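These notes concern the structure reproduced below.
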Amino acid sequence: MFTPATGDNYLNHTRGIGSWLVTLDHKRIGVMYLVSILAMFMLGGLFGLLVRTELLTPGPTITDNPDTYNQFFTLHGVIMIFLVIIPGIPAALGNFVLPIMLGAKDVAFPRLNLCSYYLYVAGALLALGSLAAGGLDTGWTLYAPYSTQTKSAVFVVAAAAFILGFSSIFTGLNFIVTIHKLRPPGMGWFQLPLFLWSLYATAVIQILATPVLAITLLLLVAERTLGIGIFDPSLGGDPVLFQHFFWFYSHPAVYIMILPGMGIVSELISTHSHKHIFGYRAIAYSSVAIALFGFLVWGHHMFVSGQSDLVSMIFSALTFSVAIPSAIKVFNWLATMYKGSISLNTPMLYGLSFIFLFGIGGLTGLFLGALATDVHLHSTYFVVAHFHYTMMGGTMIAFIGGIHHWWPKITGRLYSQLWGRFACILIFLGFNLTFFTQFIMGSRGMPRRYYDYKELLPYHPEFHALHAASTIGAYALAIGLMLTAVYLLHSLFRGRRAPANPWGGSTLEWQCSSPPPHDNFATPPPVGDPYDFEGIEYDLQAGGYVRHAPEGPARVTTPGDE
Amino acid sequence: MTTDVGASSLSPPLALAQDQGSFWMPPQASAAASEVDWLFSFIYYIALFFFALIVILMVFFVVRYRRREGVGPQQVATHSLALELTWSAVPTILVILIFWWSFTGFVSLRTPPENAYEINVFAEQWRWEFTYPNGHSDDELHVPVDTPVRLVMHTDSDDVIHSLYIPAFRIKMDIVPGRYSQVWFRATQVGEYPLVCAEYCGTGHSDMVTIVAVHEPGGYEKWLELADPLKRMTPEQYEAYAKDPQAFTQANPEFEGLEPPWQMGKRVFTKKGCKSCHTVDGTPYTGPTMKGLFGKQEHLADGSTVPVDENYLRESILAPGAKIVAGYDNVMTPYQGRISDREIAALIAYIKSLRE
Amino acid sequence: MPDTGVGEPHAAHEHPPHLAHHFETPAQQFASGKLGMWLFLATEILLFGGLFCAYAVYRANHPEIFDVGHRFLNKYLGGVNTLVLILSSFTMATAVYCAQRSLQKELRVCLALTLLGGGIFMAIKYVEYHDKWKHGLLWGTRYEPHMDEPGHAHDQVKSEHTSGVGGSAEPSIQAPATAAASAPATQTAADERSTIAPATIGPRGLTELPDEESTAEHPTPRQVHNVHIFFGIYFVMTGLHGLHVLAGMAVIVWLLIRAHRGHFGAAYFAPVDLGGLYWHLVDMIWIFLFPMLYLIR
């Protein structure tokens with residue numbers, strides 16, 4: 001029942017740890033990213049659990065020092081945003097899959113790719129070093145003037161985020177050039193798999209928004225160390241300017257986070273429904289639209305900061321425009337499932353979870369984009385729940401789904417579908433218990449970043465039960481994630497060998513062996529419609545799907561969407 | 001935040017708000033609240049409709065088109081301009097509606113009426129101070145019912161951003177160092193509601209919780225008049241009160257229920273923000289604890305010792321930098337000009353009461 | 001800067017020597033490198049874009065700060081620096097031209113001249129910074145204007161002072177203002193102040209008017225509040241630009257070394273081309289900075 005080990009592949013092409021550390025192979029760099037990012041995800045999750053545990057009971061639960069709690073939620077945010085979600089899908093899965101999906105041998109600049117990985121490592125080490133330097137208690141938003149006054153390690157974390165910004169820029173730059181210049185002959189823009197469209201849109205934001213974060217952090221550090229007076233009100237500066245600068249990056253950054261997730265879901269839904277994606281062009285264009293609109297809405301974080309009412313009105317109107325392309329994507333995914341042949345594999349379950357959770361996350365965004373309701377909901381747990389539904393329920397669920405989708409391709413092994421489905425359902429339930437309760441608390445007036453809520457209990461006795469339920473959900477979520485880690489690791493050693501195409505996927509990465517050879521494709525593969533499932537059928541002998549194409553080479557000229 | 005801290009003993013204790021609000025929302029206690037809640041419900045039902053539509057379709061497709069032996073996917077169109085336009089246009093129209101209503105609601109939230117009653121708000125790490133037109137300042141917000149009230153808010157330019165948030169009124173506004181901001185409301189329901197800080201401001205962020213008390217007609221004026229009995233007494237009355245509080249209240253029925261100086265001092269201790277740095281239970285914090293302080297020998301940073309008596313306490317309140325206790329930093333704000341002699345006397349009485 | 005994947009040890013059989021294994025043709029590799037460089041330059045522009053925004057916000061809200069602050073900058077030195085950078089851009093462009101035509105010696109000369117231009121720019125910048133430092137014309141908390149050496153040759157304050165009214169009780173700080181006052185046609189009182197009306201509620205803060213007692217028509221640094229913000233912006237902008245000049249010089253040194261080894265020629269000149277693009281960007285940013293900071297009036 002074990003197929004013999006395939007011949008030369010990227011894992012055994014060269015041997016020894018040294019060959020990994022200096023590798024220029026995009027697949028190995030992707031794997032190194034994946035391992036590092038998942039390690040950071042565990043650490044960030046640990047801080048999240050500490051936050052939830054502290055809030056289990058009113059008054060002190062695990063620490064009687066509010067500063068310690070403030071550091072928990074700050075580090076949870078910094079690690080999850082800068083070290084997990086922003087690099088997550090593009091740097092790990094994108095790096096691995098992008099050139100293969102394109103039919104290329106590597107990304108355009110392999111050494112720059114390795115450089116951005118080491119920048120990531122340096123940034124991660126610095127961010128963790130902030131723990132040794134006294135931690136950080138400003139929240140991940142680093143709002144001035146609190147961040148210019150606090151005694152905690154703002155400098156170290158700002159330096160870390162600065163370096164991570166360059167890592168992110170280089171990844172984005174690499175992807176744009178690769179997609180522009182390394183497409184094989186015959187692959188036009190509309191033969192790109194949708195995941196690549198989303199990575200392209202993401203890369204555009206990475207390149208255009210991240211430098212503004214860099215300069216903001218530079219100014220913040222200059223403010224702290226030199227006192228240049230640009231953000232510090234006691235020197236005549238304007239702290240709201242910091243918020244504008246910060247959100248000019250950080251709002252587009254949430255689309256850096258969600259767009260690749262949407263791209264993965266497009267692949268998951270189509271592949272596991274064994275059906276051509278519905279509305280290819282609409283989904284592709286909506287990714288670009290989201291990326292562009294994303295630059296125009298940053299002011300919706302400042303409806304109660306004292307910006308003028310007219311400005312708030314404009315930002316609110318622009319914010320709603322993002323709802324349209326998001327809705328288009330969701331409806332197209334549903335239409336893809338219509339009359340498909342849906343396999344409820346683990347990746348598909350994650351795809352469905354994404355639609356459910358992102359649906360809630362997106363729709364609750366309407367309450368926050370609307371001016372009058374945002375005044376009430378701003379800075380409450382409603383916001384916390386909203387962005388966890390989009391970032392965790394959206395991006396991370398898509399990321400985990402993507403890991404399950406490409407796991408056989410990356411490792412050459414199959415994992416247990418039974419455990420996979422079970423863990424997915426546990427994660428789904430735990431997640432909803434953790435964060436749906438926070439919607440209720442938030443709209444009832446529970447402010448975020450509160451170490452303690454006992455003074456609110458005389459007016460809101462329900463907060464105690466809701467916080468406790470949220471904490472229990474967080475533990476269920478954590479158990480689900482750990483279970484996932486266990487069966488995935490187990491599959492590395494005991495899993496069945498994966499066939500080239502275990503799911504019946506139609507994009508190019510399923511045409512090369514699992515794991516792929518060092519150079520991906522000896523000659524550029526024939527290119528056609530990436531979602532043509534015609535003739536892909538399960539083959540018992542191969543243990544996976546094989547395309548029985550009657551007129552194979554003719555597909556080269558097949559146009560994408562017609 | 002219990003009812004005995006803060007509200008003057010002379011004011012009738014206000015009951016907790018009976019109205020617990022709806023499932024999603026806290027009580028509606030201001031004119032804006034019903035408007036905001038209406039918009040919330042409107043969006044809520046739109047969101048619910050679309051969410052139900054998506055989930056029902058999704059579950060239906062998964063069941064109906066699950067993978068079965070011998071049944072492949074069916075050949076259907078891979079795109080449809082009509083469908084794309086429909087599901088772009090319908091949400092567009094709906095969000096335009098939402099935007100319009102949210103904007104008009106926002107404008108009325110932001111535009112205080114001309115004749116609004118004005119109360120000054122000062123926020124700092126980590127306390128609130130509300131100053132009323134008669135000069136009285138308090139750590140609780142008291143307002144009359146059915147009257148437009150405008151809060152003019154500020155903080156010191158070397159402080160950080162705070163945000164005043166009254167969930168029951170559905171209002172929130174940041175207080176940014178270096179500029180004044182304002183917010184207004186018209187309370188419609190008598191009762192007590194939480195008032196919190198909604199912009200993260202450091203260690204004591206979650207301690208910046210106080211109450212807003214909405215008084216029935218006439219109640220607010222009475223509260224304000226009685227709010228600060230120390231200020232209200234003539235010098236002769238004060239002298240009599242200081243000598244024998246009990247005899248004084250018996251002789252002056254208009255001061256019925258007046259507390260003895262040490263209890264008055266306890267209020268001042270809260271009101272002036274002392275408790276954000278000094279504990280009364282013996283644990284050292286930013287500053288020394290008050291418990292057992294009076295009468296002991298205090299060790300100073302310069303190595304000398306000083307007996308803690310009335311003069312030392314008075315000096316430490318008005319000019320805290322003069323004598324720094326060993327082990328502490330010189331961080332306390334001088335209270336010179338910010339506290340009256342009568343309040344200092346009450347504070348000293350309170351600290352004396354914490355001797356054992 | 002993006003690498004072009006060149007120099008990777010690769011058993012290239014029929015490949016041209018500088019073609020990385022994952023590219024099909026040298027033209028594809030060159031086009032990739034060029035696109036990558038342009039994208040990188042876009043990020044650089046956005047990096048400075050943030051600073052330009054900060055500048056625009058403060059300039060729009062508080063023009064008086066900039067009016068007073070810029071008089072302390074030496075526009076002659078700034079002008080010389082602009083000229084030096086433009087010339088060095090020219091020599092850089094010539095270097096690319098030489099590389100494309102395999103003119104090895106000329107390439108080295110042009111690169112060396114460009115490097116020299118960068119060096120002169122930094123030296124003049126040092127003189128300017130030193131002058132500001134000596135007079136306490138620094139950012140935020142370090143802003144303590146004084147003039148302890150009135151005879152300093154580089155001191156624009158001094159040179160204008162000699163032609164001005166002089167004899168003021170506070171020669172140090174009144175100097176530029178009184179000097180400017182000697183040419184009254186250049187300014188009107190109205191635009192000396194912030195264009196923002198004082199807030200309807202709250203303190204006047206930055207919009208405070210000059211002292212009533214001051215008989216001078218024009219505000220002095222002591223009357224205009226927060227002049228230190230001008231110097232904060234000045235030092236951040238020119239400092240960051242200076243770092244970019246240094247980085248560009250490092251790139252040119254690297255190009256010089258490779259040019260000495262004869263790496264470049266008509267078949268392979270991408271590094272010189274890309275380095276040139278970067279140098280032109282550094283030059284361009286200065287061309288914006290110079291009028292924004294030095295030539296406000």
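Letters go in sequence order (proteins before strands), and every chain restarts at 1. Just so you know, these numbers come straight off a predicted model, no measurement behind them.
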Under 3.5 Å, is there a donor-acceptor pair between the [X] and [Y] side chains?
X        : Y        : value
A/Ser506 : A/Asp532 : no
A/Thr74  : A/Asp137 : no
A/Asp67  : B/Thr203 : yes
B/Thr289 : B/Thr279 : yes

Side chain / backbone / both / neither for [X] at chain A, heavy atoms under 4.5 Å:
X        : answer
B/Leu109 : side chain
B/Gln75  : side chain
B/Val71  : backbone
B/Phe169 : neither
B/Tyr165 : side chain
B/Val62  : both
B/Cys201 : backbone
B/Phe23  : both
B/Leu48  : neither
B/Ser80  : both

Counting only heavy atoms closer than 4.5 Å, note whether [X] contacts chain B via side chain, backbone, both or neither.
X        : answer
A/Pro145 : both
A/Gln71  : neither
A/Phe358 : neither
A/Pro233 : both
A/His272 : neither
A/Ser343 : both
A/Val330 : side chain
A/Ile324 : side chain

Looking at [options], which makes the most heavy-atom pairs under 4.5 Å with chain B?
options                               : result
A/Pro66, A/Ser312, A/Ser443           : A/Ser443
A/Ala323, A/Pro325, A/Ser379          : A/Ser379
A/Leu377, A/Thr373, A/Leu457          : A/Thr373
A/Ile360, A/Asp238, A/Asn65, A/Leu344 : A/Ile360
A/Ala327, A/Gly362, A/Ala317          : A/Ala317
A/Lys454, A/Met337, A/His460          : A/Met337

Classify the ring geometry of [X] against [Y]: parallel below 30°, tilted from 30° to 60°, perpendicular beyond 60°.
X        : Y        : value
A/Tyr143 : A/Phe242 : perpendicular
A/Phe303 : B/Phe106 : tilted
B/Tyr65  : B/Phe61  : tilted
A/Phe439 : A/Phe436 : perpendicular
B/Trp24  : B/Phe40  : tilted
A/Phe367 : B/Tyr44  : tilted

Best-contacting candidate, [options], against chain A by heavy atom pairs under 4.5 angstrom:
options                               : value
B/Ala32, B/Gly105, B/Cys197, B/Ser163 : B/Cys197
B/Pro91, B/Ala198, B/Gly202           : B/Gly202
B/Asp156, B/Leu39, B/Ile175           : B/Leu39
B/Ala89, B/Ser206, B/Ala47            : B/Ser206

Using a 4.5 Å cut-off on heavy atoms from C-beta on, say whether the side chain of [Y] contacts that of [X].
X        : Y        : result
B/Phe50  : B/Val55  : no
B/Val176 : B/Ser181 : no
B/Arg179 : A/Val240 : yes

Quiz item: So does B/Asp207 pair up with B/Arg127, basic N to acidic O under 4.0 Å?
Solution: no
Quiz item: Under a 4.0 Å N-O cut-off, is there an ion pair linking B/Arg170 with B/Asp37?
Solution: yes
Practice problem: With ring pair (Phe, Tyr, Trp, His ring centres under 6.0 Å) as the test, would you mind laying out the steps for A/Tyr389 and A/His386 before giving the verdict? | Solution: CA-CA 5 Å; A/Tyr389 264 88; A/His386 162 73; 9.0 Å; no
